There are 2 protein chains.
Amino acid sequence: MSSNHTHNKKNQTLTKNQRIVLNLLQDSGEPLKAYFILDSLKKEGLSSPLQVYRALDKLVELGKIHKVESLNSFIICNNSNCASNTAFTICERCGKVKEIKNNNLTEGVNELVRENKLNITRYNLEFYVVCKSCKIN
Amino acid sequence: MSSNHTHNKKNQTLTKNQRIVLNLLQDSGEPLKAYFILDSLKKEGLSSPLQVYRALDKLVELGKIHKVESLNSFIICNNSNCASNTAFTICERCGKVKEIKNNNLTEGVNELVRENKLNITRYNLEFYVVCKSCKIN
DNA sequence: TTACGTATGTAATAGTATAACATTAGAGGT
DNA sequence: ACCTCTAATGTTATACTATTACATACGTAA
Ligand SMILES: [Zn+2]
Ligand SMILES: [Zn+2]
Ligand SMILES: [Zn+2]
Ligand SMILES: [Zn+2]
């Protein structure tokens with residue numbers, strides 16, 4: 001098993017630690033916390049918080065994952081390369097998070113930014129909701 | 001000095017701890033961190049993190065202050081009772097935070113929410129900028 | 001008064017994130 | 001192949017942020 005060599009073009013340049021963290025987030029689809037990731041990947045060889053945080057930092061920088069600030073959690077990017085601009089809905093009851101597709105949002109945000117004369121470099125929007133399954137119960 | 005009795009109508013119902021924390025944030029105008037607040041108010045009698053966090057929680061709940069999620073900091077509300085909906089600009093270089101006035105934003109956000117069929121209960125918007133003084137240097 | 005909800009005080013502990021430093025791996029040029 | 005530079009790693013320790021648990025006091029309304 002040639003160690004740092006994948007056949008997935010998208011993950012090509014990632015290191016081993018970055019790759020296993022990304023895969024976990026990808027498989028999960030949910031926001032995960034750093035120390036949960038650490039625990040989950042002990043068997044893959046991760047042994048310290050820094051290994052996780054360094055991988056997370058890089059993946060955030062690459063736009064492959066995002067940090068959900070109000071949950072101290074990290075989630076796989078559901079668009080193609082937001083890089084810096086992010087928007088989520090977060091269920092207030094169960095914590096379920098969905099990333100809002102850029103395409104749907106871009107125009108609206110641009111208008112908002114223009115009207116308010118904000119000279120922004122990037123944004124992070126968190127919309128709190130009560131998700132369907134929580135609304136029923 | 002009758003202890004739990006102010007002449008400021010707005011702060012009337014606050015307890016001593018809540019009041020001194022609010023005053024500090026009011027005087028500062030900047031986002032402050034919980035443990036900084038604790039240190040600053042040791043001389044006023046605060047002696048444990050919990051006293052600070054409890055006051056902060058209550059003030060957030062009342063909409064008198066807000067938490068700036070990505071900075072783990074708290075800032076005085078610059079509007080009148082946002083309660084739940086907040087929007088900030090945050091300087092990426094120096095960390096300076098400004099709350100965006102509700103009035104300017106409400107319509108734009110409403111439109112954004114409507115267009116994206118978001119059924120929200122509240123929102124928190126963080127716009128990152130490079131502030132004037134940072135742009136010069 | 002009694003009862004109830006809210007706030008306090010205090011100590012301990014849980015959860016999140018970074019500093020510092022020595023070492024290693026990989027990419028690119030010669 | 002060899003050198004060099006940059007980025008990533010491993011490891012330990014520590015800093016920073018926030019909550020649990022429990023005993024006590026306070027304010028208000030029946
Ligand atoms: Zn994304
Ligand atoms: Zn839910
Ligand atoms: Zn406000
Ligand atoms: Zn600045």
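Convention: sequence-line order gives letters A, B, ...; per-chain numbering from 1. All of these numbers come straight from a predicted model, not from anything done at the bench. All heavy atoms count here, side chains included; hydrogens, waters and symmetry mates do not.
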Next on the checklist: Checking the side chain of A:K67 only, and the main-chain atoms of A:L56 only, is there a donor and an acceptor separated by less than 3.5 Å?
Outcome noted: no
Give a yes/no on whether any side-chain N or O of [X] is located under 4.0 angstrom from OP1 or OP2 of [N].
X     : N     : result
A:K58 : D:dA8 : yes
B:T15 : C:dT6 : no
A:Q51 : D:dT9 : no

Next on the checklist: Restricting to salt bridge (Lys or Arg N to Asp or Glu O under 4.0 Å), what partner residues turn up for B:E92, sequence neighbours left out?
Outcome noted: A:R122
Next on the checklist: Any non-hydrogen side-chain atom of B:P49 less than 4.5 Å from a side-chain atom of B:Y35?
Outcome noted: yes
Item to check | Side-chain touch B:I75/B:L32, heavy atoms, less than 4.5 angstrom | outcome: no
Next on the checklist: Enumerate the side chain to side chain donor-acceptor pair (under 3.5 Å) contacts for residues 43-53 of chain B, please, sequence neighbours excluded, ordered by first and then second residue.
Outcome noted: B:S47-B:Q51
Tabulate below the donor-acceptor pairs under 3.5 Å that side-chain atoms of residues 113-120 of chain A make, not counting sequence neighbours, or state none.
{"residue": "A:N116", "atom": "ND2", "partner": "A:L112", "partner atom": "O", "Å": "2.9"}

Item to check | Test side chain to side chain contact (heavy atoms under 4.5 Å, CB included) applied to B:K98 - qualifying residues, sequence neighbours left out | outcome: B:T89
Rounded to the Å, how far apart are [X] [atom1] and [N] [atom2]?
X     : N      : atom1 : atom2 : value
B:R19 : C:dA7  : CZ    : P     : 14 Å
B:L62 : C:dA7  : CG    : C1'   : 13 Å
B:L38 : C:dT10 : CG    : C1'   : 13 Å
B:L56 : D:dA18 : CG    : C1'   : 11 Å
B:L32 : D:dT17 : CG    : C1'   : 15 Å

Checklist entry - Could you walk me through whether B:N124 and B:E69 pass the side chain to side chain contact (heavy atoms under 4.5 Å, CB included) check? => result CA-CA 9 Å; B:N124 174 48; B:E69 293 290 352; 3.9 Å; yes
Checklist outcome for this item: Going 5' to 3' through nucleotides 16-24 of chain C and flagging B where a protein heavy-atom sits under 4.0 Å of the base, S where only the sugar-phosphate is that close, and - otherwise, we get BBBBB----
Checklist entry - In degrees rounded to 10°, what angle is found between the helical axes fit to the five outermost pairs at each end of the helix from C:dT1-D:dA30 to C:dT30-D:dA1? => result 40°
Checklist entry - Are side-chain N/O atoms of B:Y128 and B:S70 paired as donor and acceptor at under 3.5 Å? => result yes
Checklist entry - For B:Q18 and B:S48, take the nucleotide of DNA chain C holding the closest heavy atom to each; which residue's nucleotide lies nearer the 5' end? => result B:Q18
